[in-house]
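Shown next, in structure tokens, is the structure this report addresses.
When a ligand or atom number is given, it counts from 1 through the structure's own listing order. This chain uses plain numbering: 1 for the first residue, then up along the sequence.
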Amino acid sequence: MLPFARVTIIGLGLIGSSVARAIRRSMPTVRLTGYDASPAVRKRVAELDFLDDIADTAGAAVTDADLVLLCVPVGAIGEVAASFAADLPADAIVSDVGSSKAGVAAALAVALPGVAVVPAHPVAGTEKSGPDAGFASLFDGRWCILTPAGDADPTAVMRVSAFWEGLGARVDIMDAAHHDLVLAVTSHLPHLIAYTIVGTASDLETVTRSEVIKYSAGGFRDFTRIAASDPTMWRDVFLANKEAVLEMLQRFTEDLTALQRAIRWGDGDTLFELFTRTRAVRRSIIEEGQDDAAPDFGRQH
Ligand SMILES: NC(=O)C1=CN([C@@H]2O[C@H](COP(=O)(O)OP(=O)(O)OC[C@H]3O[C@@H](n4cnc5c(N)ncnc54)[C@H](O)[C@@H]3O)[C@@H](O)[C@H]2O)C=CC1
Ligand SMILES: O=C(O)C(=O)Cc1ccc(O)cc1
């Protein structure tokens with residue numbers, strides 16, 4: 001039996017449109033409704049034809065939903081939830097896909113008092129955004145982390161978990177604060193570093209922009225992919241996950257200073273030991289099947 005029969009997706013960009021396409025692929029009988037604040041996105045989604053209905057307001061989109069999934073930037077989640085609160089059916093479950101979780105849970109608790117909320121984060125994506133960038137296999141074999149509050153209804157948690165498994169994901173459950181600390185180091189800090197290094201290179205006065213493009217070797221090219229990620233989305237993530245990001249940034253700067261010292265003093269052993277250890281981390285990621293060569297991962301999209 002399907003965990004949900006009528007799903008409403010609010011925010012129809014990369015993640016919202018990927019969820020819709022994955023539902024169409026894996027749960028074709030689900031009735032799919034969507035809403036996006038951008039009229040241009042709504043028009044494009046109508047052309048792409050992966051929904052049954054596109055509503056003109058968030059309130060109209062949720063009226064007969066049994067799952068409402070918020071796929072908007074984390075800074076917009078509280079406001080969009082408040083905009084449909086009065087129209088939400090009493091037994092509907094609300095979830096989201098935000099990249100940071102503690103702030104989102106707090107915003108949803110204020111906007112939707114008494115509603116069954118099961119926040120989620122599919123740890124899968126690309127640097128692209130918008131409805132054209134989505135694809136049905138995005139979540140295949142990827143982790144989706146649920147961060148329900150301690151007093152969340154276990155049946156609601158079970159249904160959201162079954163929903164993500166139905167879309168091809170593997171599900172883990174943890175508390176929101178722990179999620180935010182883990183993702184600060186595995187996702188948020190790497191994006192911050194990428195934004196910084198690409199910014200540094202493009203600000204150089206002695207190296208021209210065309211030289212940066214012409215001679216960008218593999219490492220820099222990989223950073224430019226990540227630094228091309230959506231500015232609104234990432235601005236919101238850093239503002240929402242401020243404490244955990246600052247904590248990880250502090251550790252990172254200390255480690256970077258240690259490497260700076262090793263280079264200055266010609267301490268090759270320190271460099272070699274670290275590079276050996278980090279090579280082993282890469283091997284473990286590949287063995288786990290979470291590398292970018294995993295089947296159907298959407299880098300080419
Ligand atoms: N991009 C990625 O790789 C991943 C993103 N996420 C999370 O997914 C969420 C969505 O990200 P993307 O799909 O990448 O962004 P996107 O920019 O592709 O799509 C977001 C959509 O939300 C719409 N929107 C913004 N404010 C709205 C509002 N108040 N009401 C209705 N619609 C609104 C925008 O018009 C846009 O179409 C974010 O919270 C992000 O943190 C999670 C996993 C991966
Ligand atoms: O494109 C990449 O390398 C990503 O890291 C995608 C991504 C972005 C944000 C998330 O919360 C999860 C995954």
Side-chain angles (χ1 to χ4, degrees), residues 8-21 33-45 48 54-62 68-84 95-101 103-104 107-108 111 119-135 138-139 142-145 147 164 167 169 179-180 182-195 222-241 245 285 290-292 294 297-301:
T8 290
I9 300 173
I10 297 192
L12 300 169
L14 169 72
I15 301 298
S17 74
S18 295
V19 170
R21 289 171 167 108
T33 302
Y35 170 72
D36 195 287
S38 156
V41 170
R42 295 203 298 272
K43 179 169 176 287
R44 182 63 187 141
V45 168
L48 291 168
I54 304 171
D56 288 331
T57 64
V62 304
V68 177
L69 191 61
L70 305 178
C71 301
V72 299
V74 289
I77 286 180
E79 176 197 317
V80 77
S83 77
F84 65 70
S95 186
D96 74 298
V97 297
S99 301
S100 68
K101 300 268 54 113
V104 166
L108 287 174
H121 177 201
V123 189
T126 74
E127 73 283 12
K128 309 252 171 71
S129 41
D132 283 285
F135 53 102
L138 178 61
F139 311 108
R142 301 278 143 185
W143 286 105
C144 182
I145 302 171
T147 60
W164 280 102
L167 301 190
H179 167 280
D180 287 355
V182 173
L183 271 291
V185 72
T186 60
S187 177
H188 306 168
L189 197 54
H191 277 77
L192 194 69
I193 293 165
Y195 283 124
D222 288 353
F223 280 123
T224 62
R225 185 189 72 76
I226 296 186
S229 300
D230 189 69
T232 304
M233 171 189 153
W234 284 100
R235 175 203 63 197
D236 284 9
V237 169
F238 289 116
L239 296 180
N241 201 20
V245 169
I285 289 172
Q290 296 291 314
D291 67 311
D292 58 6
F297 187 55
R299 288 283 152 76
Q300 71 278 23
H301 290 259

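Of all atoms in ligand 1, listed by their number and element, those nearer than 4.0 Å to a heavy atom of Met233 are 1 (N), 2 (C), 4 (C), 5 (C), 14 (O), 40 (C), 41 (O). For ligand 2 and Arg225, the ligand atoms under 4.0 Å from any heavy atom of the residue are 1 (O), 2 (C), 3 (O). Contact atoms of ligand 1 toward Gly11: 22 (O) (distance under 4.0 Å to a heavy atom of the residue). Taking every non-hydrogen atom of Pro122 and a distance limit under 4.0 Å, the qualifying atoms of ligand 1 come out as 43 (C). Heavy-atom contacts of Val80 reach the following atoms of ligand 1: 30 (N) (cutoff under 4.0 Å).
Protein heavy atoms come within 4.0 Å of atom 30 (N) of ligand 1.
Remark: ligand 1 and Ser99 share an N or O pair separated by less than 3.5 Å (distance only, no angle test). At least one N or O atom of Ser99 sits closer than 3.5 Å to an N or O atom of ligand 2. Checking only distances, Leu14 does come within under 3.5 Å of ligand 1, N or O to N or O. For ligand 1, the polar-atom distance check finds no N/O of Gly98 at less than 3.5 Å from any of the ligand's N/O atoms.
The side chain of Trp234, and not its backbone, has at least one atom closer than 4.0 Å to an atom of ligand 2 (non-hydrogen atoms only; side chain from C-beta on). At a heavy-atom cutoff of 4.0 Å, ligand 2 is contacted by the side chain of Met233 but not by its backbone.
Heavy-atom distances between Ala58 and ligand 1 stay at or above 4.0 Å for every pair.
Within the model, atoms CD of Glu127 and NE2 of His191 stand 8.5 Å from one another, a figure rounded to the nearest 0.5 Å.
Scanning Pro73, Gly13, Ala76, Ala37 for the heavy atom closest to atom 25 (C) of ligand 1 points to Pro73.
Here the side chain of Asp36 pairs no donor or acceptor atom with the backbone of Arg42 at under 3.5 angstrom.
Looking only at heavy atoms of the protein, atom 23 (C) of ligand 1 is closest to Asp36 OD2, 3.3 Å. Among all non-hydrogen protein atoms, the one lying nearest atom 17 (O) of ligand 1 is Ser129 CB, 3.7 Å.
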Might you work through the side-chain contact (heavy atoms from CB on, under 4.5 Å) test for Val237 and Leu183, ending with a clear yes or no? CA-CA 11 Å; Val237 169; Leu183 271 291; over 6 Å; no
